[in-house]
Amino acid sequence: LDGAEVLSSRPQTISFSPTLQCPNHCRMCDIHKVREFMGNGPEMRDMPDRLFDELLELLPTTRVLALTGGEPLMSRKMRELLRRFTADAHPDGAVTITTNGLLLGPPVLRDLARTPIRLFYVSLNAADDATYERVSGGTRHGFTRVLANVRRLLDATPSMAGRPRVVLSFVVQRSNRAQLPAFLDVALRLGTGVRLLPIERDRMGESIFTEESLVRDVLDVVRAQVAPRLPDMPWQYRHEVGKLLSVLNGRLERRVWDPL
């Protein structure tokens with residue numbers, strides 16, 4: 001129309017999975033099945049050049065870049081993009097990364113030192129190597145390796161541009177439910193935050209919501225081994241435990257025994 005003005009805008013928040021690759025095959029995660037279903041082409045392993053160029057153009061107006069996966073640190077192009085997304089060039093930008101932590105060694109930390117990363121979510125889901133190996137689908141010594149990398153990350157955060165927080169994540173499921181108290185102890189000793197996620201779906205029979213006895217078992221673990229210590233825990237821990245209890249008690253009240 002005559003006199004019409006065309007306005008254009010750019011997203012300020014981008015949530016993005018740069019790759020569907022992951023070294024783990026976690027029991028509760030179907031990312032590898034998704035890759036197979038979608039043909040497992042090269043674009044599943046790393047972002048195509050055209051997408052890299054498009055993201056590069058969007059960086060000047062991006063306020064939050066949230067990276068998930070697969071394992072986002074397996075994407076060489078994403079690591080290159082993050083090297084260019086520096087705090088000096090983009091002072092209003094922020095990055096959050098959800099990672100399994102297996103790749104957080106010195107080379108990656110050097111790559112990310114100038115990026116304004118505000119938050120690392122590290123998916124741990126265990127409190128010892130045996131449980132980690134089961135939950136992750138066979139990654140040996142994974143718990144020990146990730147913990148060493150988390151300690152390295154915590155040592156590095158004061159000198160990183162974004163001064164990121166580190167939050168350890170735990171998906172509460174059939175295989176690891178007894179380790180919830182020990183997981184909280186691990187996080188407390190390290191001084192990280194925590195994220196407690198009730199499992200969704202029932203992949204490989206891991207849901208805790210398909211049987212009343214499983215729900216009550218998790219509740220008993222929390223009430224007996226976590227609740228007595230909650231007053232002395234950080235507020236963020238109390239908040240995460242409270243959210244989990246709300247979900248568990250809600251299921252008991254509704255008496256619905258289906259996966260989330």
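We use all heavy atoms of the structure for the numbers below, so side chains are in, but hydrogens, waters and symmetry mates are not.
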Q. Are side-chain N/O atoms of Q12 and T61 paired as donor and acceptor at under 3.5 Å?
A. no
Q. Do any N or O atoms from the side chain of T157 and from the backbone of L154 form a donor-acceptor pair under 3.5 angstrom?
A. yes
Q.
Taking E206's backbone N and O only, do any of them form a donor-acceptor pair with D202's side chain (distance below 3.5 Å, no angle check)?
A. yes
Q. Are T19 and D46 close enough that a side-chain donor and a side-chain acceptor fall under 3.5 Å?
A. no
(Q) Under 4.0 Å between a side-chain nitrogen and a carboxylate oxygen: does that hold for D217 and R177? (A) yes
Q. What residues, two or more places apart in sequence or in another chain, satisfy side chain to side chain contact (heavy atoms under 4.5 Å, CB included) together with E80?
A. F52, R83, R84
**Q.** Ionic contact status for E211 with R174, cut-off 4.0 Å
**A.** yes
Q) L56 versus L81: any side-chain heavy-atom pair under 4.5 Å? A) yes
Q) Taking C-beta and beyond as the side chain, do F143 and T131 meet within less than 4.5 Å on heavy atoms? A) no
Q) Are L109 and L104 side-chain neighbours, meaning at least one heavy-atom pair lies under 4.5 Å? A) yes
Q: Look at atom CZ of R254 and say whether more than 12 heavy atoms of other residues, nucleotides or ligands are closer to it than 6.0 Å.
A: yes
Q) What heavy-atom pair brings R27 and Q173 nearest, and what distance separates the two atoms? A) CB-OE1, 4.4 Å
Q. Looking only at heavy atoms, what is the nearest atom pair of V171 and N176, with distance?
A. O-ND2, 2.9 Å
Q. Is it the case that R195 places NZ or CZ above or below the six-membered ring of F170, under 6.0 angstrom from the centre and within 45 degrees of the axis?
A. no
Q: Specify the closest pair of heavy atoms between V226 and V241, including all atoms of both residues, with the distance to one decimal.
A: CG1-CG2, 4.1 Å
**Q.** Residues I14, L58; criterion side-chain contact (heavy atoms from CB on, under 4.5 Å); working and verdict
**A.** CA-CA 9 Å; I14 300 173; L58 292 174; 3.9 Å; yes
Q | R45 vs L20 side-chain heavy atoms within contact, under 4.5 Å | A | no
Q) Does any non-hydrogen side-chain atom of F120 lie less than 4.5 Å from one of P164? A) yes
Q.
Under a 3.5 Å cutoff, is there a donor and acceptor pairing between the side chains of T99 and E71?
A. yes
**Q.** Side chain T86, main chain A89, donor-acceptor under 3.5 Å
**A.** yes
Q: Could you grab the distance from atom CD of E133 to atom CG of D128, nearest 0.5 Å is fine?
A: 10.5 Å
Q. Just wondering, are more than 12 heavy atoms of other shown residues or ligands nearer than 6.0 Å to CZ in R114?
A. no
Q | Evaluation steps, side-chain contact (heavy atoms from CB on, under 4.5 Å), between R151 and L147 | A | CA-CA 6 Å; R151 292 189 178 99; L147 237 61; 3.9 Å; yes
Q) Taking a hydrophobic cluster as the set of Ile, Leu, Val, Met, Phe, Trp and Tyr residues connected by side-chain heavy atoms closer than 4.5 Å, whether directly or through intermediates, do M28 and V34 fall within one such cluster? A) no
**Q.** Full working for side-chain contact (heavy atoms from CB on, under 4.5 Å) between F209 and V247
**A.** CA-CA 10 Å; F209 297 105; V247 174; 3.8 Å; yes
Q: Could you tell me the separation between the CG atom of D53 and the NZ atom of K77, rounded to the nearest 0.5 Å?
A: 8.5 Å
Q | Interatomic spacing from CZ in R118 to CD1 in I97 - rounded to 0.5 Å | A | 12.5 Å
Q: Nearest 0.5 Å please: distance from the CG atom of L168 over to the CG atom of L124.
A: 5.5 Å
**Q.** Test item: L248 and R251 side chains (from C-beta on) under 4.5 Å apart, heavy atoms
**A.** no
Q: Evaluate the side-chain proximity of R255 to E212: yes if any heavy-atom separation is below 4.5 Å, no if none is.
A: yes
Q) Do R203 side-chain atoms and C29 backbone N/O form a donor-acceptor pair below 3.5 Å? A) yes
Q.
Between R229 and D185, is the salt bridge (Lys or Arg N to Asp or Glu O under 4.0 Å) condition met? List the steps.
A. CA-CA 11 Å; R229 298 186 293 139; D185 286 339; 2.7 Å; yes
(Q) Other residues, nucleotides and ligands only: do more than 12 of their heavy atoms fall within 6.0 Å of CD on E54? (A) no
Q) Is it the case that one hydrophobic cluster holds both V221 and V186, taking links as side-chain heavy atoms less than 4.5 Å apart, direct or via other members? A) no
Q: Following the transitive rule for hydrophobic clusters with a side-chain heavy-atom cut-off under 4.5 Å over Ile, Leu, Val, Met, Phe, Trp and Tyr, establish whether V167 and V172 coincide in one cluster.
A: no
**Q.** Minimum heavy-atom distance between L73 and R79, given as atom pair plus value
**A.** O-CD, 3.4 Å
(Q) According to a hydrophobic-cluster definition based on side-chain heavy atoms being under 4.5 Å apart (Ile, Leu, Val, Met, Phe, Trp, Tyr only), do L197 and L184 belong together? (A) yes
Q. Which value, rounded to the nearest 0.5 Å, describes the distance between L65 atom CG and L67 atom CG?
A. 4.5 Å
Q: List the steps and the verdict of side-chain contact (heavy atoms from CB on, under 4.5 Å) for S207 and R201.
A: CA-CA 6 Å; S207 178; R201 303 188 301 277; over 6 Å; no
**Q.** T98 versus T68, side-chain donor and acceptor atoms under 3.5 Å
**A.** no
Q: On the 0 to 90° scale, with breaks at 30° and 60°, tag the H32-H25 ring pair as parallel, tilted or perpendicular.
A: parallel
**Q.** Nearest heavy-atom neighbours spanning Q21 and R35
**A.** CA-NH1, 3.8 Å
Q. Can you check side-chain hydrogen bond (donor to acceptor under 3.5 Å, both in side chains) on N24 and Y132, steps first, answer last?
A. CA-CA 10 Å; N24 285 345; Y132 189 99; 3.1 Å; yes
**Q.** Distance (rounded to the nearest 0.5 Å) between W257 CH2 and T210 OG1
**A.** 10.0 Å
Q: List the atom of V150, the atom of T192, and the distance in Å for their closest heavy-atom pair.
A: CG1-CG2, 4.4 Å
Q: Following the transitive rule for hydrophobic clusters with a side-chain heavy-atom cut-off under 4.5 Å over Ile, Leu, Val, Met, Phe, Trp and Tyr, establish whether L190 and Y121 coincide in one cluster.
A: no
Q.
Tell me whether R76 at atom CZ has more than 12 heavy atoms from other residues, nucleotides or ligands lying less than 6.0 Å away.
A. no
Q. Do the side chains of V194 and F183 get nearer than 4.5 Å, heavy atoms only?
A. yes
